[in-house]
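In what follows, a structure is listed as C-alpha cells, so that the remarks can point back to it.
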Amino acid sequence: MTTKTDTVTALEAQHVLQTYKRQPVVFVRGEGTRLFDADGRAYLDFISGIGVVVLGHAHPGLAAVIADQAKTLVHTSNLYYHPLQGQLAARLSALSGLQRAFFCNSGTEAVEACLKFARRFWYSQGVRNRTGYVALEHGFSGRTMGALSVTANAHYRDPFGPLIPGVTFVAPDDIAGLEAAVTESTAAIIAEPIQGEGGVRPLSPEFAAAIARVTRKTGTLLIADEIQCGLGRTGHAFHYQSLGWTPDLVTVGKAIGSGIPIGAALVGEHVAKQIFAGDHGTTYGGNLLSTRAALYVLDQLDALKPHIANMGALFEQRLLDLQRKHPVVTAVRGAGLMRGLELAVDAQPVVEAALKANLLVNRTAERVVRMLPPLTVSAAEIEEAIAILDGALASVKVEGSTVEVRA
Ligand SMILES: Cc1ncc(COP(=O)(O)O)c(C=O)c1O
C-alpha cells in the first residue's frame, strides 16, 4: 500500500535537490510542542525546527499577528520606510546594548553581514591589511562562501574551496593558540558562546575571558554568533552577557521570528559610524511581515524568562539522572533549554529509537544528541521526553566501540 508519506518522499526524490538526509516522516500540523505527521501520529518536538520555533507550533497569538499583517501590508522593500523596522531595532538594541541593527532573512546572512561590516570598519579608517578572521574549531556559522570560510567542519568546506583567505582556526581552550592567531591582519574574531552544531559545547569561562582580553588588547572586533544560543534559549537575552563580553557585532537568527524567516546583524555605534549607504543590502530584509512577527516574539520572550530558568534547571537534572543510569552517556552539556547528551558512540541509533517512540531530537557532531525544545515546553513534556530518551538509551548496547540496536 502506498502511504501519504511514500507519495511525498517519492515526489521529493524526483524533483528536490538531494542536499538533505531527512528522517522518513512528513509533518503536516503542529500545536505547541507537538507535531503531527501525515498519518495523524503525534510527536514530541524537542528540536523545534533546529532552535527556531521558540513559541511552539501554531501559537495562536503569533498566528493572529501574522494574519493581521498579511491583510495589511507584507513587503515594500528597503527603498522606503515602514513603522516596524525601527521599533524592532530599538528593542534589539535595548536587549543587547548595541546601537543598531541590519535586518536580513537568515542566520547565515547575519554572519555574512557581520563579516563584511568588520572588514568595512578597518577599510573606512584606511587600515587595508586587517582583513582576516579568527574562528574556532567545532564552530558553525553557515554555508555561504563567507560563513563557510569561518566554519570549521572540513566535510562542509572541502568541496567548495578556495574559500576566503586569511581565516585561522583555534581550538577552544587553546589560549596560547588564540593569542598567536590574532595578528595585525586580523579584522575580527567570530565565536559562538555555546557551539551548537559542533556538539553543544559551551566556551569555558577561561577561554571566553581570553577572547575578551585579546580583542580589548589588540582592538580586534568581536563577533558573537548568537544565532543558536541567543534570545532566551539559555535564559539570557544573549548568552555572551553571561561571559562578560562586550561584542562589537552580534548575529541573530532562528528564534527571532519563531519560524518566520528573519535574521539581524547587531552593530555597535563605533562600527556603525564606518558603514555607509550602499555598503550592504537585501530586498526582503526586515519587511513588515517578518518584523511584526519578531516584535511579537520578543514580547513573549520577556515573559518567558522565569519559565525558561525553571524548565532549564529541571531538564538538566533529568539529563544528569540519565547520565547516572546509562554509562553510554559521557557528558551532559549546555545551558537553559539548549542541551546535548554526549555519548561514547554514534548518536544516530538513539535519535532513531527516539523517533520510533515519537520524540524528535537530533544528532550533531556524530556522538551528541542535541535538544532544543520550544521555550514554552512544560515540565510534563520534559518528563515525557526523558522517559523516551531513557528507553532509547537502553536500546543501544555498547560493546567496545560498536553499537548494536536491540529490537
Ligand atoms: C551558530 C550558528 N550560526 C549560523 C547558523 C546559520 O543559520 P541559518 O541556517 O539560519 O542560515 C547556524 C545554523 O544552525 C548556527 O547555529
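Counting convention: from 1, in listed order, for ligands and their atoms alike.
For atom 2 (C) of ligand 1, the closest heavy atom belonging to the protein is Phe140 O, 3.3 Å. For atom 3 (N) of ligand 1, the closest heavy atom belonging to the protein is Asp225 OD2, 2.8 Å. The single protein non-hydrogen atom nearest to atom 16 (O) of ligand 1 is Gln228 NE2, 2.8 Å, given as residue, atom name and distance.
At a 4.0 Å cut-off, not a single heavy atom of Gln195 sits close enough to ligand 1 to count as contact. The closest approach between a heavy atom of Ile50 and any atom of ligand 1 is not below 4.0 Å. Within the 4.0 Å heavy-atom shell around ligand 1 one finds Ser141.
Each of Thr151, Thr251, Asp225, Thr108 was compared with Ser141 under the side-chain hydrogen bond (donor to acceptor under 3.5 Å, both in side chains) criterion, and only Asp225 meets it.
At a heavy-atom cutoff of 4.0 Å, ligand 1 is contacted by no atom of Glu109, backbone or side chain.
Taking every heavy atom of Ser106 and a limit of under 4.0 angstrom, the matching atoms of ligand 1 come to 11 (O).
Checked by distance only, ligand 1 and Glu192 stay at 3.5 Å or farther apart across all their nitrogen or oxygen atoms. Not a single N or O atom of Val111, backbone or side chain, sits closer than 3.5 Å to an N or O atom of ligand 1. In terms of N/O distances under 3.5 Å, ligand 1 is approached by Thr108.
The pair Arg34-Glu384 meets the salt-bridge criterion, since a charged nitrogen lies less than 4.0 angstrom from a carboxylate oxygen.
With sequence neighbours excluded, the residues forming a side chain to side chain donor-acceptor pair (under 3.5 Å) with Asp248 are His270, listed by chain and number.
Phe46 and Phe315 have their aromatic ring centers within a separation under 6.0 angstrom.
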